[in-house]
There are 2 protein chains.
Amino acid sequence: MREAKPPPDFPPTPRTRVKRLSDCARYDRETIYAILDAGLLCHVGYVIDGQPYVTPTAYWRQGERVYWHGSSASRMLRRLEEGVPVCFTVALLDGLVLARSGYNSTLNYRSVMALGTARPVEGEAAKLAALEAFSERLTPGRWAELRPVAKQELKATLVLSLKLEEVSAKLCSGPPVDDEADYEDDVWAGVVPLRRVAGPPQADPRLAPGTAAPAYLDAIEIDELLSQGARSD
Amino acid sequence: MREAKPPPDFPPTPRTRVKRLSDCARYDRETIYAILDAGLLCHVGYVIDGQPYVTPTAYWRQGERVYWHGSSASRMLRRLEEGVPVCFTVALLDGLVLARSGYNSTLNYRSVMALGTARPVEGEAAKLAALEAFSERLTPGRWAELRPVAKQELKATLVLSLKLEEVSAKLCSGPPVDDEADYEDDVWAGVVPLRRVAGPPQADPRLAPGTAAPAYLDAIEIDELLSQGARSD
């Protein structure tokens, strides 16, 4: 039984329409935002002299934009600052799907791919606000505990953003789908779920004795599974 | 105290020499293979009509080559089969590094970036051997339990490989490195370790009652932390 898909908030273009496993395709804002808000690491693709490069980096979302940042001296960021086409991809691996044949074995995952041109965030106030949003997303309350960002640090930091316009998602979940004849086979089949977890925080060896561990350390959640309802196809 | 780095097995080129955080850079076979063998998902970058695309997909390594596969109808694989430049990137996220300033906060991770031209694996026997190696890597012993791959399935599957030649790695680990003055600040600093874990296997609802869970399900290890010795900088 297949549920109706949400209507597309981002109409697929020839470049973002999912062709393989199109049942998994989603173009609605709620699904796309949920995937983006569950991840931490994106992979940004760009071209220099005809050669593609793929750089992993941390990202965050604010409204209809995704952001990433780094050193003003970074090759990737200097290239992107010029206003070139990028591909922004996030993939969250949810499980190994062990079917009764190699052919039907696959992965469960959630992914988002966005195409467009990244733009630098201009102005000290806007850059600071973006960096604060990044920090507060993972460790709410920490930004106010840290010393202010130095002028020179802000200058050395480039923040880029990409508007979510040409974007698609894929949601692959659930048990294996085998060829009907293969269900007779005497072999284990199912899903090995995978998730990213945070371990106990490791205090800096130079931390002053008696420094309390803040509450936000207990609440860090990375690549959390979506609720079962949201994941069913 | 910084240990000497291993000598480069893959001499850095202008395209693979790590410029940012070059202390983290590694070009030796042992480090690069260890990272590749700890991961499961790569991100492959390629260009179509000037637009970069980044596709997440499962991969495996055999000797000096990495492999990935998919449907012969896939847009990505059909493009790559033509012999175009690719960027193959693997990133394993190991931790959030919470420094005493936003500027010095960062991520601990291991990554590999390889540039080159992917080639299709030709011939039924070679394709089968590659697919078996992929299966056996994650679930040793399972390949022999599965029914043979059908001729039509093999035909519908494209296997690509990339020789590791122009390749570099980054290994960022350890506690925060703060500005000396900031060590006085009364704020928690340290690392929140992250790792990918496998949960209890979920049997297919259509699994025949009494089907034993195979031993390899208990041994699946994804994104395992390297031993502390191998990770220290």
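Below, read A as the first sequence line, B as the second, and so on, with proteins coming before strands; counting in each chain starts at 1.
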Inset, instruction - Under 4.5 Å heavy-atom distance to chain B, tell me which part of A:L98 shows up: side chain, backbone, both or neither. - result: both
Legend entry - Minimum heavy-atom distance B:Q51-A:L115, with the two atoms named: NE2-CD2, 3.5 Å
Legend entry - Note: A:D179-B:R147 ion pair, threshold 4.0 Å (strictly below): yes
Legend entry - A:D204 vs B:Y183 side-chain heavy atoms within contact, under 4.5 Å: yes
Legend entry - When A:L217, A:L154, A:D178, A:L131 are compared by non-hydrogen pairs under 4.5 Å with chain B, the top option: A:L217
Inset, instruction - Check whether A:R142 gets within reach of chain B through its side chain, its backbone, both or neither, counting any heavy atom under 4.5 Å. - result: side chain
Inset, instruction - Please examine the side chains of B:V149 and A:S101, heavy atoms only from C-beta on, and report whether any two atoms are closer than 4.5 Å. - result: no
Inset, instruction - Measure A:A212 against the heavy atoms of chain B and call it side chain, backbone, both or neither at under 4.5 Å. - result: backbone
Legend entry - Residue, of A:A189, A:G190, A:P85, A:P56, that accumulates the most heavy atom pairs under 4.5 Å with chain B: A:A189
Inset, instruction - Mind ranking B:D185, B:V84, B:V191 by heavy-atom pairs under 4.5 Å with chain A and telling me who comes out on top? - result: B:V191
Legend entry - Candidate pair B:D182 and A:R206, rule salt bridge (charged side-chain N to carboxylate O under 4.0 Å, His left out), full reasoning: CA-CA 11 Å; B:D182 293 344; A:R206 291 185 63 180; over 6 Å; no
Inset, instruction - Find out whether A:V54 and B:V44 are in side-chain contact, i.e. whether some heavy atom of one side chain is under 4.5 Å from a heavy atom of the other. - result: no
Legend entry - Among the listed options A:G45, A:G95, A:A203, A:P175, the residue most often paired with chain B at heavy-atom distances under 4.5 Å: A:A203
Legend entry - Check: B:L93 and A:L40 side chains under 4.5 Å, non-hydrogen atoms: yes
Legend entry - Heavy-atom closest contact (B:P193 atom, A:P201 atom, distance): CD-CA, 4.2 Å
Legend entry - Side chain proximity check, B:T55 to A:M113, heavy atoms < 4.5 angstrom: yes
Inset, instruction - Search all heavy atoms of A:A91 against all heavy atoms of B:L41 and return the closest pair with its distance. - result: CB-CD2, 3.8 Å
Legend entry - Which atoms of B:A99 approach chain A - backbone, side chain, both or neither, heavy atom under 4.5 Å: backbone
Inset, instruction - Please look at B:V86 and chain A and tell me whether the side chain, the backbone, both or neither of the residue comes under 4.5 angstrom of a heavy atom of that chain. - result: backbone
Legend entry - Minimum heavy-atom distance between A:G199 and B:V192, given as atom pair plus value: O-CG1, 4.1 Å
Inset, instruction - Hey, could you give me the OH/SG distance between B:Y46 and A:C87, rounded to the nearest 0.5 Å? - result: 7.5 Å
Legend entry - Interchain contact, A:S135 with chain B, by part (heavy-atom threshold 4.5 Å): neither
Inset, instruction - Inspect the surroundings of CD in A:E82 and state if more than 12 heavy atoms from other residues, nucleotides or ligands are less than 6.0 Å away. - result: yes
Inset, instruction - Looking only at non-hydrogen atoms, find the nearest pair between B:L107 and A:A58 and report the distance. - result: CD1-CB, 3.8 Å
Legend entry - B:R15 vs A:Y53, side-chain contact (heavy atoms from CB on, under 4.5 Å): CA-CA, chis, key distance, verdict: CA-CA 9 Å; B:R15 306 197 304 178; A:Y53 292 85; 3.5 Å; yes
Inset, instruction - Specify the closest pair of heavy atoms between B:P214 and A:W188, including all atoms of both residues, with the distance to one decimal. - result: CD-CB, 3.4 Å
Legend entry - Heavy-atom side-chain proximity of A:L207 to B:R100 below 4.5 angstrom: yes
Inset, instruction - Heavy-atom pairs under 4.5 Å with chain B are the metric here; pick the option from A:E184, A:M76, A:E180, A:E132 that has the most. - result: A:E180
Inset, instruction - Can you tell which part of A:T139 gets under 4.5 Å to a heavy atom of chain B, answering side chain, backbone, both or neither? - result: side chain
Inset, instruction - Verify the neighbour count for atom CG of B:D186: are there more than 12 heavy atoms of other residues, nucleotides or ligands below 6.0 Å? - result: no
